[in-house]
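Taking it in order: structure first as structure tokens, then the write-up.
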Amino acid sequence: MLVRTRFAPSPTGYLHIGGVRTALFNYLFARKHGGQFILRIDDTDANRNVAEALAPILHGFKWLGITWDEGAEVGGPHGPYYQSQKLERYRAAVQTLIAKGFAYHDYARPEEVKTEREAAEAEKRLYHYSRKWMGETDAQRKHFEMEGRRGVVRLRMPREGSCKFNDHIRGAMEVSWAQEQDHVIQRADGSCLYNLASVVDDHDMQITHVIRAEEHLSNTPRQIFIARGLGYEPPEYAHVPFVAEPGSKKKLSKRNLAQYLKNPDFKKVFDHGQTVAAQVGLKTAAETFNPVIVDFYEQVGYLPDAVVNYLLLLGWALDDKTEFFTRAEMLAKFSLEKVNSAAASFDCKKLSAFQDHYMQQLPVDEKTALVTPFLRKAALVPSEPSAADTAKVRAIVQAAGDRLKTAGDILDYRDFFVADDQLAYDEKAFEKRLRKPPEARALLAKLRERLAAAETFDPAALEKLLHDFVAAEKIELGQIVHAARVAVTGKGVGFGLFETLAILGKERCLARSDRALARL
RNA sequence: UGCCCCGUCGUCUAGCGGCCCAGGUCACAGCCCUUUCACGGCUGCGACACGGGUUCAAAUCCCGUCGGGGUCACCA
């Protein structure tokens with residue numbers, strides 16, 4: 001079976017997480033059946049900087065590894081793939097519809113239509129346009145134009161019977177034609193509307209399966225009407241439920257960001273992103289830099305595989321236990337039939353769990369490569385890191401282990417990179433571990449001397465040194481470990497102390513110990 | 001308002017008449033591990049919206065109620 005699917009974003013400047021999921025389903029479905037996935041651009045609104053507004057969207061898909069066979073940038077045999085370039089084609093389709101009696105010129109003024117509609121609503125009666133200003137003959141049209149009216153083109157919808165179609169997710173659908181209005185398909189200025197353009201494009205691009213969000217379900221009958229009117233065989237349909245807000249069933253939208261921030265989990269992920277962004281000098285507007293926008297995840301250092309895997313499982317499941325899918329497995333196992341028919345709420349905490357998993361799978365060298373750009377942007381490492389720099393970063397990545405949940409988390413270890421006299425202290429930790437325990441100062445001073453005398457400074461040697469120290473002083477390890485960590489990193493938490501000391505090296509450990517002792 | 005869609009733990013879901021007094025994930029709580037943090041291990045908490053049918057048997061089928069959502073543009 002030949003399968004061709006499409007995703008048609010408008011150039012808005014950002015890629016919405018719900019849109020990505022829809023695109024992902026389209027992509028997987030097409031590729032699974034050996035077909036093509038097309039990326040078409042819905043820029044009928046013709047705003048000025050299409051290229052600029054499109055770039056982040058295309059970039060997002062590329063980052064996620066969702067590639068398209070035809071469409072923007074790559075072209076293809078069924079172009080143009082930009083709706084703004086097909087105006088004549090749409091107008092021709094409109095003419096065909098008129099010629100066949102499926103559409104008509106209409107000269108009603110907006111207020112006149114409004115009045116009719118309100119009258120119907122007041123009487124609680126199903127509204128249908130009276131077609132009073134319909135211009136069927138040239139004479140009628142001329143007459144209306146003489147009155148200074150400008151015509152649009154409307155669909156002449158049936159008012160009896162029903163439209164039946166099959167939906168791959170919802171099953172048999174039937175909507176009575178009487179529910180439909182005489183929708184406008186061409187504006188007074190001659191430009192064409194979505195319903196018309198979409199049907200024409202799907203036909204021109206030989207789309208076989210229209211997989212889209214359920215808010216388009218109600219557009220389907222009129223699109224089928226247009227398709228048939230034009231002599232096209234309508235495609236197959238699959239309306240996937242929209243992605244809902246965190247903790248709600250409302251459609252996710254970037255507009256309600258303020259409200260999502262009241263959700264503690266969402267806020268946490270958002271704040272984490274802000275922290276990372278601030279350190280790498282990224283200028284962020286909450287509008288376009290938040291967990292609803294895909295770009296956010298790239299900037300914070302998430303893995304594309306984690307984002308895609310999470311999105312795959314948002315409204316779809318293979319069985320009762322499989323959670324992790326490689327790209328190959330996704331392609332092999334995806335099916336429309338298993339898409340859940342109820343809306344699924346977006347839970348960025350769960351996305352984080354996938355991120356944790358994929359990050360843990362990553363070899364140290366790959367993590368090091370992933371993390372380095374963040375250090376560079378934060379000016380903690382030179383733009384051309386030396387071999388020694390890389391080795392140091394690698395050692396930190398290794399020691400940090402599972403604590404690095406996103407690439408941006410490397411910035412939690414910035415104290416390894418700052419100059420000794422620039423080290424910032426967590427005052428609470430400093431108080432608790434160094435000032436409060438009466439013996440802390442003396443112990444730290446003694447440890448400093450031991451460190452100064454150390455011949456080797458690797459983790460194993462340091463572990464032995466610490467244990468000998470503890471035995472000699474007749475104290476518990478905990479009595480010195482925390483104090484030393486605060487002294488040397490400024491923080492109360494971090495990875496293993498032996499690794500910490502080793503990475504810093506003897507000189508810096510001594511310098512930092514001295515500085516801490518001086519503050520006591 | 002009309003039309004349409006949806007309704008299993010807080011979340012994502014498994015379930016398509018008996019395997020289910022409902023299984024898994026995330027989250028949460030407790031315990032264990034442990035130099036802090038994180039990881040990991042174990043345990044716990046926790047749902048078939050409600051009411052009628054059909055059936056020997058219903059989360060699964062039918063009807064109704066309630067609830068949630070979508071859509072009714074010269075937006076896409």
Side-chain angles (χ1 to χ4, degrees), chain A residues 8-10 12 42-45 83 106 108 110 113-114 117 120-122 124-127 150-154 167 169-170 173-176 178-181 183-195 197-198 212-221 239 241-242 244 246-251 264-265 310 313-324 337-338 340-347 349-354 356 360 400-405 409 412 429 432-433 463 466 470 476-486 491-498 500:
Chain A
S10 295
T12 51
D42 265 14
D43 56 349
T44 42
D45 253 358
Q83 294 195 328
D106 179 62
V113 174
K114 196 176 164 209
R117 172 176 289 123
E121 274 166 16
K124 292 193 156 193
R125 148 172 75 75
L126 189 57
Y127 166 71
R150 298 189 67 198
V152 300
V153 177
R154 287 181 184 276
D167 188 286
I169 293 166
R170 277 149 226 284
M173 299 289 304
E174 179 169 1
V175 183
S176 51
Q179 291 304 321
E180 290 288 320
Q181 303 301 331
H183 300 282
V184 173
I185 53 175
Q186 186 176 91
R187 297 185 181 92
D189 68 5
S191 62
C192 294
L193 265 13
Y194 164 76
N195 283 123
S198 180
R212 69 212 326 187
E214 73 171 310
E215 59 256 39
H216 288 286
L217 195 53
S218 55
N219 286 332
T220 308
H239 289 93
F242 50 79
S248 138
K249 291 295 179 195
K250 285 203 187 92
K251 192 167 78 172
D265 294 340
Y310 170 73
L313 259 22
L314 189 60
W316 182 85
L318 177 66
D319 53 31
D320 60 342
K321 52 178 172 293
T322 316
E323 278 193 275
F324 300 108
E337 284 64 35
K338 281 186 168 286
N340 209 97
S341 48
S345 325
F346 178 63
D347 178 1
K349 198 81 175 276
K350 190 149 185 167
L351 200 174
S352 303
F354 278 94
D356 287 4
Q360 285 186 31
D402 297 337
R403 275 159 276 240
L404 276 183
K405 296 180 188 302
D409 288 345
D412 289 348
K432 180 179 176 192
R433 300 301 190 184
E463 179 167 8
L466 261 294
V470 161
E476 294 296 319
L477 191 58
Q479 286 176 268
I480 186 63
V481 162
H482 304 304
R485 190 196 324 278
V486 175
K491 294 203 181 93
V493 297
F495 46 75
L497 180 66
F498 315 133
T500 301

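In what follows, chains are A, B, ... by sequence order, proteins preceding strands, each numbered from 1.
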- Item | Length of the CD1-C1' vector between I185(A) and A76(B), whole Å | 16 Å
- Query: Rounding to a whole Å, what distance do you find between K349(A):NZ and C26(B):P?
  - Reply: 12 Å
- Message: If I take atom CZ in residue F346(A) and atom C1' in nucleotide A27(B), what distance separates them, rounded to the nearest angstrom?
- Response: 15 Å
- Message: Quick check on RNA chain B: between S176(A) and V152(A), whose nearest nucleotide comes earlier from the 5' end?
- Response: S176(A)
- Using the P atoms only, state how far G15(B) lies from C9(B), rounded to an integer number of Å. 16 Å
- Message: What's G494(A) touching, base or sugar-phosphate or nothing? Going by heavy atoms closer than 4.0 Å.
- Response: base
- Query: Expressed as a whole number of Å, how far does the C1' atom of A49(B) sit from that of G68(B)?
  - Reply: 11 Å
- Separation of the C1' atoms in G46(B) and C61(B), to the nearest angstrom: 28 Å
- Query: Looking only at atom C1', what distance separates C66(B) and A57(B), rounded to whole Å?
  - Reply: 28 Å
- Message: What's R117(A) touching, base or sugar-phosphate or nothing? Going by heavy atoms closer than 4.0 Å.
- Response: sugar-phosphate
- Query: Checking all strands, does R125(A) fall into the base, sugar-phosphate, or nothing category for heavy-atom contacts under 4.0 angstrom?
  - Reply: nothing
- Message: Applying the Watson-Crick and G-U wobble criteria at under 3.5 Å, what pairs with C9(B)? Answer none if nothing qualifies.
- Response: none
- Item | First of R150(A) and L126(A) reached from the 5' end of RNA chain B, by closest nucleotide | L126(A)
- Message: Within the 4.5 Å heavy-atom criterion, are L217(A) and M173(A) side-chain neighbours or not?
- Response: yes
- R403(A) CZ - C39(B) P separation (whole Å): 9 Å
- Query: How far does OG of S218(A) sit from CD of E180(A), to the nearest 0.5 angstrom?
  - Reply: 8.0 Å
- Query: Rounded to whole angstrom units, what separation is found between the CG atom of L477(A) and the P atom of C37(B)?
  - Reply: 14 Å
- Message: Whether S345(A) contacts C12(B) is assessed here as follows: a side-chain N or O lying under 4.0 Å from the phosphate OP1 or OP2. Is that the case?
- Response: yes
- Message: Among U13(B), C4(B), U35(B), which nucleotide has an atom closest to any side-chain atom of V481(A)?
- Response: U35(B)
- Atom CD of E323(A) and atom C1' of G23(B): how far apart are they, to the nearest Å? 13 Å
- Message: Base, sugar-phosphate or nothing for K338(A)? Non-hydrogen atoms, less than 4.0 Å.
- Response: sugar-phosphate
- Message: Using ring centroids (six-membered ring only for Trp), state whether Y194(A) and H216(A) fall under 6.0 Å.
- Response: yes
- A344(A) near the nucleic acid: base, sugar-phosphate alone, or nothing, with a heavy-atom cut-off under 4.0 Å? sugar-phosphate
- Message: If I pick the P atom on C63(B) and the same atom on G7(B), what distance separates them, to the nearest angstrom?
- Response: 14 Å
- Scoring nucleotides 58-70 of chain B by protein non-hydrogen atoms under 4.0 Å (B base, S sugar-phosphate only, - none) yields ----------SSS
- How far does the P atom of A29(B) sit from the matching atom of U34(B), given to the nearest Å? 22 Å
- Task: For E476(A), report the nucleic acid contact type (base, sugar-phosphate, nothing); a contact means any heavy atom under 4.0 Å.
- Result: nothing
- Report the distance from atom CG of D42(A) to atom OG1 of T12(A), rounding to the nearest 0.5 Å. 11.5 Å
- Item | Closest nucleotide among A14(B), C4(B), C26(B) to the K350(A) side chain | C26(B)
- Note on the structure: In this structure, CD of E121(A) is separated from OH of Y127(A) (nearest 0.5 Å) by 9.5 Å
- Task: From the options C74(B), G15(B), U36(B), select the nucleotide whose nearest atom is closest to the side chain of L193(A).
- Result: C74(B)
- Please determine, for C37(B), whether a Watson-Crick or G-U wobble partner exists with both distances under 3.5 Å, and give it or none. none
- Would you indicate what K491(A) reaches in the nucleic acid, counting non-hydrogen atoms under 4.0 angstrom: base, sugar-phosphate, or nothing? nothing
- Would you indicate what G478(A) reaches in the nucleic acid, counting non-hydrogen atoms under 4.0 angstrom: base, sugar-phosphate, or nothing? nothing
- Item | Nearest-Å distance for atom pair CG/C1', residues D320(A) and A22(B) | 12 Å
- Any strand is fair game: report the nucleotide pairing with C3(B) by Watson-Crick or G-U wobble, both distances under 3.5 Å, or none. G70(B)
- Nucleotide nearest F498(A) when distance is taken to its side chain, options C12(B), U35(B), C6(B): U35(B)
- Looking at U35(B), C74(B), C37(B), which one has an atom nearest to any side-chain atom of V493(A)? C37(B)
- Item | Nearest-angstrom distance, P atom, G24(B) to C5(B) | 34 Å
- Message: Rounding to an integer number of angstrom, what distance separates C32(B) and C48(B) when you compare their P atoms?
- Response: 34 Å
- Item | Sugar-phosphate only, base, or nothing, as touched by G315(A) at under 4.0 Å among non-hydrogen atoms | sugar-phosphate
- Message: Tell me whether the count of non-hydrogen atoms from other residues, nucleotides or ligands lying under 6.0 Å of CD in E476(A) goes above 12.
- Response: no
- Message: Any donor-acceptor pair, under 3.5 Å, between the side chain of N219(A) and the base of A76(B), if you only look at N and O atoms?
- Response: yes
- Query: Could you state the CG-C1' distance from L318(A) to G24(B), rounded to the nearest angstrom?
  - Reply: 13 Å
- Query: Do R212(A) and T220(A) have side-chain atoms, one donor and one acceptor, less than 3.5 Å apart?
  - Reply: yes
- Task: Mind checking the NZ-CG spacing from K338(A) to D319(A)? Nearest 0.5 Å is all I need.
- Result: 7.0 Å
- Message: Check whether Q179(A) reaches the backbone of S176(A) with its side chain - one donor and one acceptor, N or O, closer than 3.5 Å.
- Response: no
- Query: Counting just side-chain N and O atoms, does N340(A) come under 4.0 Å of either OP1 or OP2 of A14(B)?
  - Reply: yes
- Is F354(A) touching bases, backbone alone, or none of the nucleic acid, heavy atoms closer than 4.0 Å? nothing
- Task: Measure distances between side-chain N and O atoms of R485(A) and base N and O atoms of U35(B), and say whether any donor-acceptor pair falls under 3.5 Å.
- Result: yes
- Message: Can you confirm whether I169(A) sits close enough to H239(A) that some side-chain heavy atom of one is under 4.5 Å from a side-chain heavy atom of the other?
- Response: no
- Message: Looking at K432(A), I'd like to know if its NZ atom is crowded, meaning that more than 12 non-hydrogen atoms belonging to other residues, nucleotides or ligands lie closer than 6.0 Å.
- Response: no
